[in-house]
Amino acid sequence: MLFSKILLPTLKDAPQEAEVISHKLMLRAGMVRKVASGIYTWLPLGLRVLRKIENIVREEMDASGAQEVLMPMVQPKELWQETNRWEKMGPELLRLQDRHERDFCLGPTHEEVITDLIRNNVKSYKELPINIYQIQTKFRDEVRPRYGVMRGREFLMKDSYSFNADEACLEETYQKMRNTYKTVLERIGLDYKIVSADSGSIGGDASEEFHVLAETGEDTIAISDSSEFAINTELLLKDGEDISSLEGKPSPDGNGTIQIKKGIEVGHIFQLGKVYAEDMKANVLNKEGKASTLHMGCYGIGVSRLVAAAIEQNNDDKGIVWPHGIAPFDINIIAIGYEKDQIISEAADSLYAELISMGYEVILDDRKDGYGTKMKDSELMGIPLNIIIGKQFIENNEIELKARTGESSSNDIGDTKTILDFFKNK
RNA sequence: CGGGGUAUAGCGCAGUCUGGUAGCGCACUCGCUUUGGGAGCGAGUGGUCGUAAGUUCGAAUCUUACUACCCCGACCA
(Lines give C-alpha, C1' and ligand atoms only; values in the text may rest on other atoms or scores of the structure.)
Protein backbone atom coordinates (compact mmCIF):
# COMPACT_ATOMS: atom_id res chain seq x y z
CA MET A 1 0.00 0.00 0.00
CA LEU A 2 1.36 3.37 -0.99
CA PHE A 3 0.78 6.11 1.52
CA SER A 4 0.14 8.62 -1.24
CA LYS A 5 -2.70 6.50 -2.65
CA ILE A 6 -4.59 5.49 0.48
CA LEU A 7 -7.37 7.65 1.95
CA LEU A 8 -5.63 8.44 5.20
CA PRO A 9 -6.49 11.92 6.45
CA THR A 10 -4.37 12.39 9.56
CA LEU A 11 -4.93 15.43 11.75
CA LYS A 12 -2.57 17.42 13.92
CA ASP A 13 -5.36 18.57 16.20
CA ALA A 14 -8.16 16.43 17.51
CA PRO A 15 -11.66 17.70 16.69
CA GLN A 16 -13.28 19.20 19.77
CA GLU A 17 -16.05 16.60 19.69
CA ALA A 18 -13.64 13.95 20.95
CA GLU A 19 -13.20 13.52 24.67
CA VAL A 20 -11.45 10.23 25.37
CA ILE A 21 -8.03 9.29 24.03
CA SER A 22 -9.15 6.44 21.77
CA HIS A 23 -11.70 8.67 20.08
CA LYS A 24 -9.19 11.45 19.58
CA LEU A 25 -6.57 9.11 18.20
CA MET A 26 -8.99 7.30 15.90
CA LEU A 27 -10.00 10.63 14.39
CA ARG A 28 -6.45 11.95 14.21
CA ALA A 29 -5.06 8.76 12.69
CA GLY A 30 -7.75 8.81 10.00
CA MET A 31 -9.41 5.58 11.13
CA VAL A 32 -13.01 6.77 11.37
CA ARG A 33 -15.22 9.76 10.61
CA LYS A 34 -18.55 10.55 12.19
CA VAL A 35 -21.70 10.49 10.08
CA ALA A 36 -24.17 11.16 12.91
CA SER A 37 -24.10 10.76 16.66
CA GLY A 38 -22.95 7.21 17.39
CA ILE A 39 -22.71 6.36 13.68
CA TYR A 40 -19.35 6.18 11.93
CA THR A 41 -17.69 5.48 8.62
CA TRP A 42 -14.62 3.27 8.90
CA LEU A 43 -11.81 4.52 6.69
CA PRO A 44 -9.23 2.15 5.21
CA LEU A 45 -6.82 2.28 8.15
CA GLY A 46 -9.56 1.74 10.73
CA LEU A 47 -11.17 -0.98 8.69
CA ARG A 48 -7.90 -2.91 8.53
CA VAL A 49 -7.80 -3.01 12.33
CA LEU A 50 -11.48 -3.88 12.56
CA ARG A 51 -10.96 -6.78 10.14
CA LYS A 52 -7.92 -8.01 12.06
CA ILE A 53 -9.96 -8.29 15.23
CA GLU A 54 -12.90 -9.74 13.34
CA ASN A 55 -10.66 -12.43 11.86
CA ILE A 56 -9.15 -13.37 15.21
CA VAL A 57 -12.67 -13.75 16.58
CA ARG A 58 -13.73 -15.75 13.53
CA GLU A 59 -10.75 -18.10 13.70
CA GLU A 60 -11.29 -18.83 17.37
CA MET A 61 -15.03 -19.29 16.96
CA ASP A 62 -14.46 -21.71 14.10
CA ALA A 63 -11.84 -23.53 16.16
CA SER A 64 -14.42 -23.95 18.93
CA GLY A 65 -16.74 -25.70 16.51
CA ALA A 66 -19.21 -22.87 16.11
CA GLN A 67 -20.71 -22.24 12.68
CA GLU A 68 -20.93 -18.88 10.98
CA VAL A 69 -24.15 -17.54 9.50
CA LEU A 70 -25.39 -14.09 8.58
CA MET A 71 -28.79 -12.98 9.84
CA PRO A 72 -30.74 -9.94 8.70
CA MET A 73 -30.46 -6.57 10.31
CA VAL A 74 -34.10 -5.80 9.59
CA GLN A 75 -36.45 -8.01 11.58
CA PRO A 76 -40.24 -8.34 11.58
CA LYS A 77 -42.35 -7.28 14.55
CA GLU A 78 -44.08 -10.65 14.72
CA LEU A 79 -40.95 -12.46 15.91
CA TRP A 80 -40.36 -9.90 18.63
CA GLN A 81 -43.94 -10.18 19.80
CA GLU A 82 -43.40 -13.87 20.47
CA THR A 83 -40.98 -13.04 23.25
CA ASN A 84 -42.89 -9.93 24.29
CA ARG A 85 -39.86 -7.85 23.61
CA TRP A 86 -41.62 -5.70 21.00
CA GLU A 87 -43.49 -4.25 23.97
CA LYS A 88 -40.80 -4.59 26.61
CA MET A 89 -37.99 -2.90 24.76
CA GLY A 90 -38.13 0.85 24.86
CA PRO A 91 -37.08 3.38 22.27
CA GLU A 92 -33.65 1.80 22.00
CA LEU A 93 -35.35 -0.61 19.59
CA LEU A 94 -35.41 1.41 16.39
CA ARG A 95 -38.67 0.65 14.64
CA LEU A 96 -39.58 1.28 11.04
CA GLN A 97 -42.24 0.40 8.51
CA ASP A 98 -41.95 -0.87 5.00
CA ARG A 99 -44.08 0.37 2.07
CA HIS A 100 -46.92 -1.91 3.11
CA GLU A 101 -46.87 -0.33 6.57
CA ARG A 102 -45.65 -3.55 8.07
CA ASP A 103 -43.61 -3.08 11.26
CA PHE A 104 -39.95 -3.95 11.51
CA CYS A 105 -37.05 -3.12 13.77
CA LEU A 106 -33.32 -2.85 13.30
CA GLY A 107 -31.84 -5.79 15.16
CA PRO A 108 -30.13 -4.85 18.42
CA THR A 109 -29.58 -8.59 18.97
CA HIS A 110 -30.76 -11.81 17.34
CA GLU A 111 -32.28 -14.26 19.83
CA GLU A 112 -35.61 -14.17 18.06
CA VAL A 113 -34.25 -14.71 14.57
CA ILE A 114 -31.87 -17.49 15.56
CA THR A 115 -34.45 -19.29 17.70
CA ASP A 116 -36.87 -19.13 14.81
CA LEU A 117 -34.23 -20.62 12.52
CA ILE A 118 -33.39 -23.44 14.91
CA ARG A 119 -36.96 -24.41 15.76
CA ASN A 120 -37.76 -24.69 12.07
CA ASN A 121 -34.68 -26.63 11.10
CA VAL A 122 -33.42 -28.66 14.04
CA LYS A 123 -35.70 -31.48 15.08
CA SER A 124 -33.64 -34.02 16.97
CA TYR A 125 -31.45 -34.13 20.07
CA LYS A 126 -28.92 -35.86 17.82
CA GLU A 127 -28.16 -32.53 16.17
CA LEU A 128 -27.24 -30.97 19.50
CA PRO A 129 -25.36 -29.17 20.76
CA ILE A 130 -25.19 -26.58 18.05
CA ASN A 131 -23.53 -23.18 18.28
CA ILE A 132 -24.25 -20.55 15.62
CA TYR A 133 -22.51 -17.23 15.30
CA GLN A 134 -22.38 -14.19 13.10
CA ILE A 135 -20.28 -11.06 12.86
CA GLN A 136 -22.71 -8.35 11.98
CA THR A 137 -23.77 -4.78 12.38
CA LYS A 138 -26.14 -4.14 15.25
CA PHE A 139 -28.22 -1.08 15.92
CA ARG A 140 -29.26 0.09 19.35
CA ASP A 141 -30.70 3.55 19.68
CA GLU A 142 -28.69 4.29 22.83
CA VAL A 143 -29.95 7.02 25.11
CA ARG A 144 -26.54 8.57 24.95
CA PRO A 145 -23.96 7.37 22.49
CA ARG A 146 -20.49 8.51 23.47
CA TYR A 147 -16.74 8.19 23.16
CA GLY A 148 -16.78 7.52 19.42
CA VAL A 149 -17.10 3.87 18.46
CA MET A 150 -16.79 2.85 22.12
CA ARG A 151 -20.51 3.27 22.60
CA GLY A 152 -21.93 3.76 19.16
CA ARG A 153 -25.51 3.21 18.14
CA GLU A 154 -24.43 1.23 15.12
CA PHE A 155 -21.62 -1.18 15.90
CA LEU A 156 -20.04 -4.43 14.83
CA MET A 157 -20.63 -7.40 17.08
CA LYS A 158 -19.92 -11.09 17.08
CA ASP A 159 -22.95 -12.77 18.60
CA SER A 160 -23.42 -16.47 19.00
CA TYR A 161 -26.21 -18.63 20.28
CA SER A 162 -25.92 -22.17 21.46
CA PHE A 163 -28.73 -24.70 21.66
CA ASN A 164 -28.26 -27.53 24.08
CA ALA A 165 -30.23 -30.54 25.21
CA ASP A 166 -29.91 -29.87 28.93
CA GLU A 167 -28.22 -27.77 31.58
CA ALA A 168 -25.08 -29.87 31.74
CA CYS A 169 -24.62 -29.61 28.00
CA LEU A 170 -25.20 -25.85 28.14
CA GLU A 171 -22.63 -25.53 30.90
CA GLU A 172 -20.13 -27.34 28.69
CA THR A 173 -20.68 -25.01 25.74
CA TYR A 174 -20.57 -22.02 28.08
CA GLN A 175 -17.17 -23.05 29.39
CA LYS A 176 -15.94 -23.62 25.87
CA MET A 177 -17.00 -20.08 24.92
CA ARG A 178 -15.40 -18.73 28.07
CA ASN A 179 -12.11 -20.28 27.00
CA THR A 180 -12.55 -19.09 23.44
CA TYR A 181 -13.01 -15.52 24.66
CA LYS A 182 -9.89 -15.80 26.78
CA THR A 183 -7.92 -16.93 23.75
CA VAL A 184 -9.32 -14.10 21.63
CA LEU A 185 -8.37 -11.40 24.13
CA GLU A 186 -4.95 -12.92 24.67
CA ARG A 187 -4.31 -13.09 20.93
CA ILE A 188 -5.30 -9.46 20.55
CA GLY A 189 -2.96 -8.72 23.42
CA LEU A 190 -5.19 -7.03 25.96
CA ASP A 191 -5.16 -6.88 29.74
CA TYR A 192 -8.59 -8.06 30.83
CA LYS A 193 -10.66 -9.49 33.64
CA ILE A 194 -13.54 -11.93 33.67
CA VAL A 195 -16.22 -10.39 35.82
CA SER A 196 -19.24 -11.99 37.45
CA ALA A 197 -22.21 -10.02 36.26
CA ASP A 198 -25.86 -9.43 36.74
CA SER A 199 -27.75 -11.40 34.15
CA GLY A 200 -30.10 -8.44 34.01
CA SER A 201 -33.40 -8.31 32.25
CA ILE A 202 -32.55 -11.33 30.17
CA GLY A 203 -32.91 -13.70 33.03
CA GLY A 204 -31.16 -17.01 33.07
CA ASP A 205 -28.46 -18.24 35.36
CA ALA A 206 -24.77 -17.70 34.83
CA SER A 207 -23.43 -14.56 33.25
CA GLU A 208 -19.93 -13.21 33.00
CA GLU A 209 -18.51 -10.11 31.41
CA PHE A 210 -15.08 -9.68 29.83
CA HIS A 211 -13.63 -6.31 30.73
CA VAL A 212 -10.62 -4.64 29.23
CA LEU A 213 -9.04 -2.65 32.04
CA ALA A 214 -8.77 1.05 31.25
CA GLU A 215 -9.24 4.30 33.15
CA THR A 216 -11.92 5.48 30.75
CA GLY A 217 -14.02 2.36 31.20
CA GLU A 218 -17.70 2.96 31.81
CA ASP A 219 -18.03 0.10 34.27
CA THR A 220 -16.64 -0.13 37.75
CA ILE A 221 -15.45 -3.54 38.81
CA ALA A 222 -14.14 -4.93 42.05
CA ILE A 223 -11.18 -7.26 41.74
CA SER A 224 -9.26 -9.18 44.35
CA ASP A 225 -5.63 -8.18 44.70
CA SER A 226 -4.57 -11.77 45.20
CA SER A 227 -6.89 -13.99 43.16
CA GLU A 228 -8.74 -14.11 39.86
CA PHE A 229 -11.93 -12.95 41.56
CA ALA A 230 -13.69 -10.03 39.89
CA ILE A 231 -17.25 -8.81 40.15
CA ASN A 232 -19.31 -5.95 38.84
CA THR A 233 -19.65 -3.50 41.73
CA GLU A 234 -23.40 -3.30 41.10
CA LEU A 235 -23.65 -6.75 42.65
CA LEU A 236 -21.71 -5.82 45.78
CA LEU A 237 -23.28 -2.52 46.71
CA LYS A 238 -26.07 -2.42 49.19
CA ASP A 239 -28.56 0.45 49.14
CA GLY A 240 -26.94 3.82 49.59
CA GLU A 241 -23.41 2.48 49.65
CA ASP A 242 -20.72 4.31 47.80
CA ILE A 243 -18.38 2.52 45.42
CA SER A 244 -15.31 3.89 47.14
CA SER A 245 -16.39 2.22 50.39
CA LEU A 246 -15.60 -1.15 48.81
CA GLU A 247 -11.92 -0.42 48.29
CA GLY A 248 -9.76 -2.33 50.72
CA LYS A 249 -12.55 -4.54 52.08
CA PRO A 250 -11.92 -8.28 52.22
CA SER A 251 -12.63 -9.90 48.87
CA PRO A 252 -15.89 -11.92 48.89
CA ASP A 253 -14.00 -14.99 47.67
CA GLY A 254 -11.88 -14.96 50.82
CA ASN A 255 -8.62 -14.12 49.03
CA GLY A 256 -7.04 -10.73 49.63
CA THR A 257 -8.78 -7.38 49.53
CA ILE A 258 -10.88 -5.55 47.01
CA GLN A 259 -9.41 -3.15 44.49
CA ILE A 260 -11.67 -0.91 42.40
CA LYS A 261 -10.91 -0.70 38.68
CA LYS A 262 -12.55 0.74 35.60
CA GLY A 263 -13.33 -1.63 32.79
CA ILE A 264 -14.64 -1.58 29.25
CA GLU A 265 -17.10 -4.39 28.70
CA VAL A 266 -16.03 -6.06 25.46
CA GLY A 267 -17.65 -9.45 25.93
CA HIS A 268 -20.59 -10.98 27.74
CA ILE A 269 -21.54 -14.62 28.00
CA PHE A 270 -24.88 -15.89 29.28
CA GLN A 271 -26.59 -19.11 30.08
CA LEU A 272 -30.11 -18.16 29.09
CA GLY A 273 -31.71 -21.45 29.89
CA LYS A 274 -35.15 -22.08 28.46
CA VAL A 275 -36.52 -18.53 28.48
CA TYR A 276 -36.64 -17.82 24.76
CA ALA A 277 -37.07 -21.43 23.74
CA GLU A 278 -40.25 -21.64 25.82
CA ASP A 279 -41.62 -18.36 24.52
CA MET A 280 -40.97 -19.41 20.96
CA LYS A 281 -41.72 -23.12 21.39
CA ALA A 282 -38.31 -24.29 20.28
CA ASN A 283 -38.25 -28.04 20.89
CA VAL A 284 -36.47 -31.11 19.69
CA LEU A 285 -37.39 -34.73 20.17
CA ASN A 286 -35.34 -36.41 22.89
CA LYS A 287 -34.27 -40.05 23.16
CA GLU A 288 -37.72 -40.98 24.36
CA GLY A 289 -39.29 -39.35 21.33
CA LYS A 290 -40.82 -36.60 23.49
CA ALA A 291 -40.71 -32.87 22.78
CA SER A 292 -37.99 -31.28 24.87
CA THR A 293 -37.39 -27.56 25.29
CA LEU A 294 -34.00 -26.35 24.16
CA HIS A 295 -31.49 -24.82 26.57
CA MET A 296 -29.92 -21.77 25.17
CA GLY A 297 -26.77 -19.74 25.70
CA CYS A 298 -25.68 -16.49 24.11
CA TYR A 299 -22.24 -15.02 23.77
CA GLY A 300 -21.32 -11.57 22.51
CA ILE A 301 -18.11 -9.77 21.65
CA GLY A 302 -18.09 -6.10 20.68
CA VAL A 303 -15.75 -6.12 17.71
CA SER A 304 -15.79 -2.40 16.99
CA ARG A 305 -15.63 -1.59 20.69
CA LEU A 306 -12.51 -3.74 20.94
CA VAL A 307 -10.75 -1.40 18.52
CA ALA A 308 -11.34 1.53 20.86
CA ALA A 309 -10.57 -0.54 23.95
CA ALA A 310 -7.25 -1.67 22.48
CA ILE A 311 -6.29 1.97 21.92
CA GLU A 312 -7.36 3.00 25.42
CA GLN A 313 -4.94 0.43 26.74
CA ASN A 314 -2.13 1.00 24.24
CA ASN A 315 -1.18 4.62 23.57
CA ASP A 316 1.38 7.21 24.51
CA ASP A 317 1.86 10.95 23.96
CA LYS A 318 2.75 10.32 20.32
CA GLY A 319 -0.26 8.24 19.39
CA ILE A 320 -1.41 4.65 19.17
CA VAL A 321 0.90 1.76 20.05
CA TRP A 322 -0.82 -1.22 18.44
CA PRO A 323 -0.36 -4.70 19.79
CA HIS A 324 1.29 -6.53 16.87
CA GLY A 325 -1.65 -8.81 16.25
CA ILE A 326 -4.03 -6.04 15.26
CA ALA A 327 -1.82 -3.30 13.82
CA PRO A 328 -3.16 -2.01 10.49
CA PHE A 329 0.29 -2.59 8.98
CA ASP A 330 3.30 -4.47 10.30
CA ILE A 331 5.88 -2.23 8.71
CA ASN A 332 6.08 1.35 7.45
CA ILE A 333 8.88 2.01 4.98
CA ILE A 334 9.75 5.65 5.39
CA ALA A 335 11.52 6.66 2.21
CA ILE A 336 12.93 10.16 2.53
CA GLY A 337 13.32 11.81 -0.84
CA TYR A 338 11.36 9.09 -2.61
CA GLU A 339 10.14 11.39 -5.36
CA LYS A 340 13.47 12.94 -6.08
CA ASP A 341 16.12 10.33 -5.55
CA GLN A 342 16.09 7.23 -7.70
CA ILE A 343 18.52 5.41 -5.40
CA ILE A 344 16.04 5.84 -2.58
CA SER A 345 12.95 4.97 -4.58
CA GLU A 346 14.46 1.86 -6.12
CA ALA A 347 15.71 0.62 -2.76
CA ALA A 348 12.36 1.35 -1.14
CA ASP A 349 10.39 -0.31 -3.93
CA SER A 350 12.43 -3.49 -3.87
CA LEU A 351 12.39 -3.75 -0.08
CA TYR A 352 8.64 -3.16 -0.17
CA ALA A 353 8.16 -5.98 -2.68
CA GLU A 354 10.44 -8.30 -0.74
CA LEU A 355 8.71 -7.73 2.59
CA ILE A 356 5.32 -8.29 1.02
CA SER A 357 6.54 -11.53 -0.52
CA MET A 358 7.67 -12.54 2.96
CA GLY A 359 4.09 -12.12 4.11
CA TYR A 360 4.24 -8.78 5.89
CA GLU A 361 1.64 -6.07 5.59
CA VAL A 362 3.59 -3.05 4.50
CA ILE A 363 2.85 0.58 3.82
CA LEU A 364 5.39 2.63 1.89
CA ASP A 365 5.46 6.31 2.73
CA ASP A 366 6.25 7.70 -0.69
CA ARG A 367 4.97 11.18 0.06
CA LYS A 368 6.93 14.27 -0.69
CA ASP A 369 7.43 15.08 2.97
CA GLY A 370 10.36 15.14 5.34
CA TYR A 371 11.38 12.73 8.05
CA GLY A 372 9.51 14.56 10.80
CA THR A 373 6.14 14.56 9.08
CA LYS A 374 6.41 10.90 8.14
CA MET A 375 7.56 9.73 11.56
CA LYS A 376 4.86 11.74 13.34
CA ASP A 377 2.19 10.14 11.19
CA SER A 378 3.64 6.69 11.64
CA GLU A 379 3.78 7.12 15.39
CA LEU A 380 0.23 8.44 15.42
CA MET A 381 -0.93 5.39 13.46
CA GLY A 382 1.04 3.10 15.75
CA ILE A 383 2.80 1.00 13.11
CA PRO A 384 5.03 -1.45 15.06
CA LEU A 385 8.13 -1.19 12.86
CA ASN A 386 9.49 1.64 10.76
CA ILE A 387 12.22 1.13 8.20
CA ILE A 388 13.90 4.37 7.27
CA ILE A 389 15.62 4.73 3.95
CA GLY A 390 17.29 8.10 3.60
CA LYS A 391 20.62 9.84 3.89
CA GLN A 392 22.22 6.95 5.74
CA PHE A 393 21.38 4.67 2.88
CA ILE A 394 22.97 6.91 0.29
CA GLU A 395 26.07 7.45 2.40
CA ASN A 396 26.63 4.09 4.10
CA ASN A 397 24.17 1.76 2.40
CA GLU A 398 22.38 1.45 5.75
CA ILE A 399 18.73 1.48 6.65
CA GLU A 400 17.39 2.14 10.12
CA LEU A 401 14.91 -0.10 11.87
CA LYS A 402 12.93 1.88 14.40
CA ALA A 403 10.29 0.24 16.56
CA ARG A 404 7.22 2.17 17.65
CA THR A 405 8.24 1.45 21.20
CA GLY A 406 11.57 3.19 20.78
CA GLU A 407 14.41 0.79 20.01
CA SER A 408 16.25 1.37 16.80
CA SER A 409 19.20 -0.09 14.93
CA SER A 410 21.10 0.43 11.71
CA ASN A 411 21.17 -2.46 9.30
CA ASP A 412 22.23 -3.54 5.87
CA ILE A 413 19.30 -3.39 3.48
CA GLY A 414 19.70 -7.08 2.71
CA ASP A 415 19.32 -7.97 6.37
CA THR A 416 15.71 -9.07 6.44
CA LYS A 417 16.51 -11.60 9.15
CA THR A 418 16.59 -8.83 11.74
CA ILE A 419 13.11 -7.85 10.68
CA LEU A 420 11.95 -11.42 11.09
CA ASP A 421 13.49 -11.52 14.55
CA PHE A 422 11.72 -8.31 15.48
CA PHE A 423 8.33 -9.88 14.89
CA LYS A 424 9.24 -13.33 16.20
CA ASN A 425 10.21 -11.94 19.58
CA LYS A 426 6.91 -10.16 20.11
C1' C B 1 -35.59 12.94 29.61
C1' G B 2 -33.02 16.53 33.61
C1' G B 3 -28.49 19.67 34.06
C1' G B 4 -24.26 22.07 31.54
C1' G B 5 -21.78 23.56 27.04
C1' U B 6 -20.64 24.30 21.83
C1' A B 7 -21.95 25.69 16.63
C1' U B 8 -17.49 31.03 12.00
C1' A B 9 -13.18 27.19 5.58
C1' G B 10 -11.27 20.08 6.05
C1' C B 11 -9.03 20.67 11.52
C1' G B 12 -7.81 24.14 15.60
C1' C B 13 -9.33 29.02 16.75
C1' A B 14 -10.12 34.83 16.84
C1' G B 15 -13.96 38.28 15.78
C1' U B 16 -19.82 38.64 19.21
C1' C B 17 -19.65 42.40 25.04
C1' U B 18 -19.57 47.88 21.99
C1' G B 19 -23.90 46.01 14.79
C1' G B 20 -20.63 48.68 9.37
C1' U B 21 -20.59 43.49 4.89
C1' A B 22 -15.32 37.88 7.73
C1' G B 23 -9.89 36.85 9.68
C1' C B 24 -5.45 33.81 11.75
C1' G B 25 -2.61 29.04 12.08
C1' C B 26 -2.47 24.33 9.92
C1' A B 27 -4.24 21.66 5.66
C1' C B 28 -5.16 22.10 0.19
C1' U B 29 -3.50 24.07 -5.30
C1' C B 30 0.67 26.12 -8.49
C1' G B 31 6.00 27.54 -8.89
C1' C B 32 10.97 27.46 -6.98
C1' U B 33 14.16 25.94 -3.07
C1' U B 34 14.15 22.03 0.69
C1' U B 35 14.10 16.62 2.74
C1' G B 36 16.92 12.17 9.45
C1' G B 37 11.78 15.06 13.82
C1' G B 38 5.38 18.18 11.73
C1' A B 39 10.41 22.98 6.04
C1' G B 40 11.08 28.18 3.44
C1' C B 41 9.62 32.04 -0.03
C1' G B 42 6.01 33.74 -3.53
C1' A B 43 1.16 33.32 -5.70
C1' G B 44 -3.74 31.08 -4.98
C1' U B 45 -8.49 27.98 -3.78
C1' G B 46 -12.05 27.45 -0.18
C1' G B 47 -17.10 30.16 4.33
C1' U B 48 -25.41 31.85 2.38
C1' C B 49 -20.77 32.67 10.13
C1' G B 50 -25.96 25.62 12.30
C1' U B 51 -31.40 26.82 10.53
C1' A B 52 -35.63 30.10 10.47
C1' A B 53 -37.99 34.42 11.71
C1' G B 54 -37.56 39.31 13.93
C1' U B 55 -35.21 44.36 15.21
C1' U B 56 -32.26 47.77 12.09
C1' C B 57 -30.42 51.90 6.69
C1' G B 58 -27.16 47.73 7.83
C1' A B 59 -26.70 41.42 11.73
C1' A B 60 -21.38 36.43 12.59
C1' U B 61 -22.51 40.26 16.34
C1' C B 62 -28.93 42.11 19.26
C1' U B 63 -34.05 39.16 20.10
C1' U B 64 -37.01 34.69 19.70
C1' A B 65 -37.79 29.79 18.18
C1' C B 66 -35.74 25.45 16.34
C1' U B 67 -31.84 21.87 15.04
C1' A B 68 -27.26 19.32 15.41
C1' C B 69 -23.16 17.89 18.27
C1' C B 70 -20.39 17.20 23.02
C1' C B 71 -20.09 16.47 28.50
C1' C B 72 -22.49 14.93 33.49
C1' G B 73 -26.74 12.12 35.22
C1' A B 74 -30.62 8.56 34.48
C1' C B 75 -30.47 4.22 30.85
C1' C B 76 -27.72 -0.12 28.83
C1' A B 77 -26.79 -8.37 26.80
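Sequence lines set the chain letters: A, B, ... in the order given, protein chains first and strands last, and positions in each chain run from 1.
- The CG atom of D219(A) sits 12 Å away from the P atom of C76(B) (whole-angstrom rounding).
- What separates CZ of R153(A) from P of C76(B) is a distance of 18 Å, to the nearest Å.
- Remark: E78(A) engages R102(A) in a salt bridge, criterion side-chain N to carboxylate O under 4.0 Å.
- Distance check on atom P: U8(B) versus G44(B) gives 27 Å, rounded to whole Å.
- The aromatic rings of H23(A) and Y40(A) sit perpendicular to each other, their planes meeting at more than 60°, with 30° as the lower class boundary.
- The interatomic distance linking N232(A) (CG) with C76(B) (C1') rounds to 12 Å, in whole Å.
- Nucleic acid contact for T109(A): base, since at least one base atom lies under 4.0 Å from a heavy atom of the residue.
- A close approach under 4.0 Å does occur between a side-chain nitrogen or oxygen of Y147(A) and OP1 or OP2 of C72(B).
- The shortest distance between the side-chain N/O atoms of S37(A) and the OP1/OP2 oxygens of A68(B) is not below 4.0 Å.
- Contact annotation for K402(A): base contact, defined as any heavy-atom pair under 4.0 Å involving a base atom.
- Atom CE of M375(A) is separated from atom P of G38(B) by 12 Å (rounded to the nearest Å).
- Paired with I387(A) under the rule side-chain contact (heavy atoms from CB on, under 4.5 Å), one option of I413(A), I334(A), I419(A) passes, and it is I419(A).
- For G38(B), the base has no donor-acceptor partner in the side chain of E379(A) [N/O atoms by modelled type, under 3.5 angstrom].
- Within a 6.0 Å sphere centred on NZ of K261(A), other residues, nucleotides and ligands contribute 12 heavy atoms or fewer.
- Atom NZ of K281(A) has 12 or fewer heavy atoms from other residues, nucleotides or ligands within 6.0 Å.
- When the P atom is used for both U16(B) and A52(B), the distance is 24 Å, rounded to whole Å.
- Judged by Watson-Crick or G-U wobble contacts below 3.5 Å, the nucleotide C17(B) has no partner.
- Within a 6.0 Å sphere centred on CD of E228(A), heavy atoms belonging to other residues, nucleotides or ligands number 12 at most.
- Here the separation of G4(B) from U48(B), taken at their C1' atoms, is 31 Å to the nearest Å.
- Nucleotides C11(B) and U35(B) place their P atoms 33 Å apart, quoted to the nearest Å.
- At a threshold of 4.0 angstrom between heavy atoms, the contacts of G300(A) with the nucleic acid are absent.
- Across all strands shown, U61(B) forms no Watson-Crick or G-U wobble pair with both key distances under 3.5 Å.
- Each salt bridge (charged side-chain N to carboxylate O under 4.0 Å, His left out) pair with one or both residues in residues 23-40 of chain A, not counting sequence neighbours, appears once here: E17(A)-K34(A).
- Base pairing annotation: C28(B) forms a Watson-Crick or G-U wobble pair with G44(B), both donor-acceptor distances under 3.5 Å.
- Nucleic acid contact for D369(A): base, since at least one base atom lies under 4.0 Å from a heavy atom of the residue.
- Rounded to whole Å, the separation between the P atoms of G10(B) and U55(B) comes to 32 Å.
- The CZ atom of R367(A) sits 14 Å away from the C1' atom of A39(B) (whole-angstrom rounding).
- Below the 3.5 angstrom threshold, one finds no donor paired with an acceptor across the side chain of K318(A) and the base of G38(B).
- Rounded to whole Å, the C1' atom of C66(B) lies 33 Å from the corresponding atom of A27(B).
- Of the two residues near RNA chain B, K376(A) and Y299(A), the one whose nearest nucleotide lies more 5' is K376(A).
- Closest approach to the V143(A) side chain among U35(B), G37(B), C1(B) is made by C1(B) (side chain taken as heavy atoms from C-beta onward).
- Nucleotide C69(B): paired with G5(B) (Watson-Crick or G-U wobble, both distances less than 3.5 Å).
- As the counterpart of C76(B), no nucleotide is assigned, since no Watson-Crick or G-U wobble pattern has both distances under 3.5 Å.
- A salt bridge links K417(A) with D421(A); the closest basic N to acidic carboxylate O contact falls under 4.0 Å.
- Among the nucleotides G38(B), C69(B), C71(B), the one closest to any side-chain atom of K34(A) is C69(B).
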Distances under 3.5 Å only, N/O to N/O: pair up the protein atoms with those of nucleotides 8-13 of chain B.
from, atom 1, to, atom 2, distance (Å)
C11(B), O2', D13(A), O, 3.2
G12(B), OP1, Q16(A), N, 2.6
C13(B), OP2, Q16(A), OE1, 3.4

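- The interatomic distance linking I336(A) (CD1) with G38(B) (C1') rounds to 13 Å, in whole Å.
- Rounded to the nearest Å, the gap between the P atom of G15(B) and that of G50(B) is 15 Å.
- Nucleotides U61(B) and U45(B) have their C1' atoms positioned 27 Å apart, rounded to a whole Å.
- Under 3.5 Å, the side chain of R146(A) and the base of C70(B) form no donor-acceptor pair of N or O atoms.
- The nearest heavy atom of RNA chain B to H110(A) and to K368(A) marks one nucleotide each, and the one closer to the 5' end goes with K368(A).
- At whole-Å resolution of the value, NE2 in H211(A) and C1' in C76(B) are 12 Å apart.
- Among the protein residues, D377(A) comes within range of the nucleic acid bases, having at least one heavy atom under 4.0 Å from a base atom.
- Of the N and O atoms on the side chains of S160(A) and K158(A), at least one donor lies less than 3.5 Å from an acceptor on the other residue.
- Minimum atom distance to the side chain of A36(A) is reached by C69(B), of the listed C69(B), C1(B), C76(B).
- Partner of H324(A) under the ring pair (Phe, Tyr, Trp, His ring centres under 6.0 Å) criterion, chosen from F329(A), Y360(A), F422(A): F422(A).
- OP1 or OP2 of C72(B) lies within a sub-4.0 Å distance of a side-chain N or O belonging to R144(A).
- Searching all strands for a Watson-Crick or G-U wobble partner of U35(B) with both distances below 3.5 Å returns nothing.
- Between K5(A) and D366(A) there is no salt bridge, since no side-chain nitrogen of the basic residue lies less than 4.0 Å from a carboxylate oxygen of the acidic one.
- If you measure from atom CZ of R28(A) to atom P of A27(B), you get 14 Å, rounded to the nearest angstrom.
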